[in-house]
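Take a look at the structure below.
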Amino acid sequence: MDIKKRIKNLLFFHEPQMEKPFILKEDSSSDGRDNSDIEKNKEGSRKKKNEDLLLLKKLEKIKLTDKKEGSDKEEKPDISKQLSENKRVIEERFSIPLNGDLIIRKFDITVKDSVIAAFLIFFDGLVDTKVINDDILQPLMLLSNLDIKSDGENILNYIRSHILPHNQLKEARTHQEVIDEVYFGGCGLYIDGLDTAFTADVKEFPSRSVERPNTELVIRGPQEGFTESLRSNTGLIRKRLMDQKLITENIIIGKRSRTPCSIMYLKDIANDSLVAEVRRRLKSIEVDHIMDTGELEQFIEDNPSLPIPQIMATERPDRVCTMLTEGRVAIVMHGSPFALVVPITSSDIMYSAEDQYLRFPYSNMLRIIRILALLMSLLLPGIFLAITNYHHEMIPTDLLLAILSAREKVPFPSVVEVFLMEISFELIREAGIRIPGPIGPTLGIIGALILGQAAVEANIVSPILIIVVAVTGLGSFAIPNFSAGFAFRILRFGFIILAAISGFLGITVGLVLIGLWMVNAKSFGVPFVSPVAPRTSGGFSDAVFKSPVWKQEKRPDYMNAKRGRKQPHISRRWIKRDVESNKPDSEDNNG
Amino acid sequence: MKKKTVFGNWEAGAIISNLICAKVFLDSPRLAVETAGTAAWMFTIYVSILAIIGFTVIQRLYKPYEGKDLMDIAELAAGNIGRVFVGLVIILCLGWSTTAYMRLFSENMKLISLTTSPLSFVELFYVVCLVVGAYLGMEALSRLHAFTVIIIAAGFLLIMLGVVNYIDLGNLLPILGNGAEKIFIKGASKVSAFFEILVLFLLAPFLKKYQNFRATGYWSLGLSAVFLLISSFVFSSVFPYPSSLERTIPIFHIARLIKLGRFFQRVESLFLFIWAASSLLYISVTFYFILFTFQKTFQLDYYKPLIIPFAIIIMSVSFIPSDFTEIIGYEVNLFRNWAWIVAFVMPVLLLILARLRKKKPAR
């Protein structure tokens, strides 16, 4: 039935569904933008002004609906003044007594000669019990008996101002707020007679300490990576990016998991509509549980079928900071050691964090090597097949004879050989990740045996093919983005098939189709192949090469940041002697 | 909701330049030699100047019709009938270009590398590309052109540079080749080599401003003229006149001469990449504009349902000519002799008629 429907859908025309397109435009509030930027980006802005008015209206409409939905969702205060009622609700929501690790501690507070009942809730294992004892229970049970001078305040203010010395005390008007805090390692305090509860941050999760990143190693640059704890991750970003305008918005995703996330951006740089779009996409996710940014990425990406990732997942706080300064938005999620950064372009996935720290000739050389690595990883087996099957004339006679004599005893056609070797290589790679540590070295032996001597000696594959597969493997490891590495590995098989059936024509068709696919994609409203296609200022040079750090004056044009310029035209003021005092000149003269 | 695509001069210039120059990889240099003999380069300059003059006249007349394409202008000039008539003419011409180029490029591919594959199999690759291109639309096609055309141009220039040592200026003598009459009078109709400028008049709504339209026109004509000139100059100076008439695929034969030391002696297959890319882009764009014109002519809401039927028609028609020579005969003797009427005369007449009817569009 399902297949029947699919075929019908494929063959018959359907009215296009109304979509909610998002295009990243220049912000109306970009007052801080330099005049020179505006002048120089004339071409870009002209294009943007010409965009369809309907799209703008649509965007506005979406924003309005979003706002409305947001206000609808705001919960009404539901905490009762009756402590017993609140306790009943909490016990029901936390499935007490079934739930064994939730602690409900009942006690009395003496406030102004009256004894008030109260209870505290927290999860055993998520909190620092010493902080609870010292900063919450002790003051409430012992200090409340002290004669504290106060000027007739109500109990709520009195407790907040005089009794509880904890540094992160919040008031909650709904049970849900309390529950969210408790799940995030806080504790909730209910007091009889008050329709407001207190929540305090006392978390002490069992978590990893800050370690070196596993997938984005660098030689030059910081060596810290994110951990699985949200606040330590946001802290790592704040530690580096000490900017007053750095905003961390909290958001909860997952109807049941209630996973805390943070959206981080620089308020006076990031485009408002971009921030709003990130917020809108995150808020609109309807899912029970969400565990990692890997899942979150799939919920918010623009083109799920495009093999290449359109969102940057990084475990380097320094990389997030650099991208934030360009006007991008970061999403950090509790429980994930990878932060997401949006939007990105195709060139971002080819760059490593180290590029920024190395001197520009070195990083440019690395970039060229990486582009070569990408081409090899994608095309080398395909080109080998195309040349050996269709374009033999390209191979000089001596080499052709060498290849032929090596293949003489191999019974398979070359395409089968390539597939055998590529699949074996993928197997070894996958097994290498799954294999338990102590038996790891065994894999090396098996791999060497399969891919090396034995296969050749058994006349299953020719030696030249081993070189091709090995170089392809090296190329795929040199791609700095983990997800992009996957993408090119999948596409490589497509190119092998195309090359096997039609040589260079097939490869060209494959490149054109991937090209069309990529230029059609967007990452949060930014064309994925910017600044090359569509061409914006900087264009081709920015996409491949990096200029010296003192020449990187502008933020990427396609980001449409509120401030286009990062630094003045002359950022190395020392090169202009007349700017400062004439001291160097006079010294020179004296000399 | 329909999304309006807008792109810049760079993308538009790349599209038009590739459309005009794709024929370099087919038969353009040989045609120049056939018409003008050893004066092929002079003939190319002459034809280019004619095309630029033609465009200058059109762009002057076009000024008040900013953002309007040829069908809009036809509607202003002669109402619905005018629009339908012009639309059908454009569909026929672009249809022929797509069909002929698909067949010619496929035949060439078969001749060069896929000798044992059936023609229909080779054409299938082209059909897949034009279907995907049309499905993704003009925005994707224009963006793809933005960087691919640079790679194609660089590859072409590399071939030309690779045979510099084979250039013999003696092959260009006699200076006037087949004679002034054949070059300047009979050769004038070969301005149809620039027939693809017609697509610029369909691109106008994507460019919006008149200034963009004008700049794109001049830039693409200028660049195309340079590339056509380089190809005809190198071809006629590398091969002696009698021998050059026998070369079926001129650029391929030029590329075969390239030798880089002892190791790289047969690198022409590498240039298959740029030939294939240029031809794939050519037919994808012309196919898109067939659909675009059909949609506009008959005022349809969507063009996507037309993609598969039109692709089947194009592929089927391309099989009608019995062989390579027959299709070259139609292309060279018929289409490229008369296409200038559609590309240059028709727009001028329409613009004059529209002006006469004084139905100037509101900006």
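Within every chain, numbering begins at 1; the chains are lettered A, B, ... in the order of the sequence lines, protein sequences first and strands thereafter.
The stretch residues 496-510 of chain A places A/L498, A/I501, A/S502, A/F504, A/L505, A/G506, A/I507, A/T508, A/V509 near chain B, each with some heavy atom under 4.5 Å from a heavy atom of that chain. Within residues 99-107 of chain B, no residue has any heavy atom closer than 4.5 Å to a heavy atom of chain A.
Of the listed residues A/I387, A/V529, A/N520, A/I383, the one with more heavy-atom pairs under 4.5 angstrom with chain B than any other is A/N520.
No more than 12 heavy atoms of other residues, nucleotides or ligands sit less than 6.0 Å from atom OH of B/Y135.
With sequence neighbours excluded, the residues forming a side chain to side chain donor-acceptor pair (under 3.5 Å) with B/S279 are B/Y126, listed by chain and number. Judged as a side-chain contact (heavy atoms from CB on, under 4.5 Å), and not counting sequence neighbours, the contacts of A/D302 are A/R281, A/Q310, A/K522, A/F524.
For the atom pair OH of A/Y390 and OG1 of B/T116, the computed distance is 7.0 Å after rounding to the nearest 0.5 Å.
Shortest non-hydrogen contact noted between B/C129 and A/V512 is SG-CG1, 4.0 Å. Nearest approach of A/A533 to B/R143, heavy atoms of both residues: CB-O, 3.0 Å.
A/L513 touches chain B through its side chain: at least one heavy atom from C-beta onward sits under 4.5 Å away, while N, CA, C and O do not. Contacts between B/L280 and chain A at a heavy-atom distance below 4.5 Å involve the side chain alone, from C-beta outward. When heavy atoms are compared at a cutoff of 4.5 Å, A/N389 does not approach chain B at all. Using a 4.5 Å cut-off between heavy atoms, B/L141 touches chain A through backbone and side chain atoms alike.
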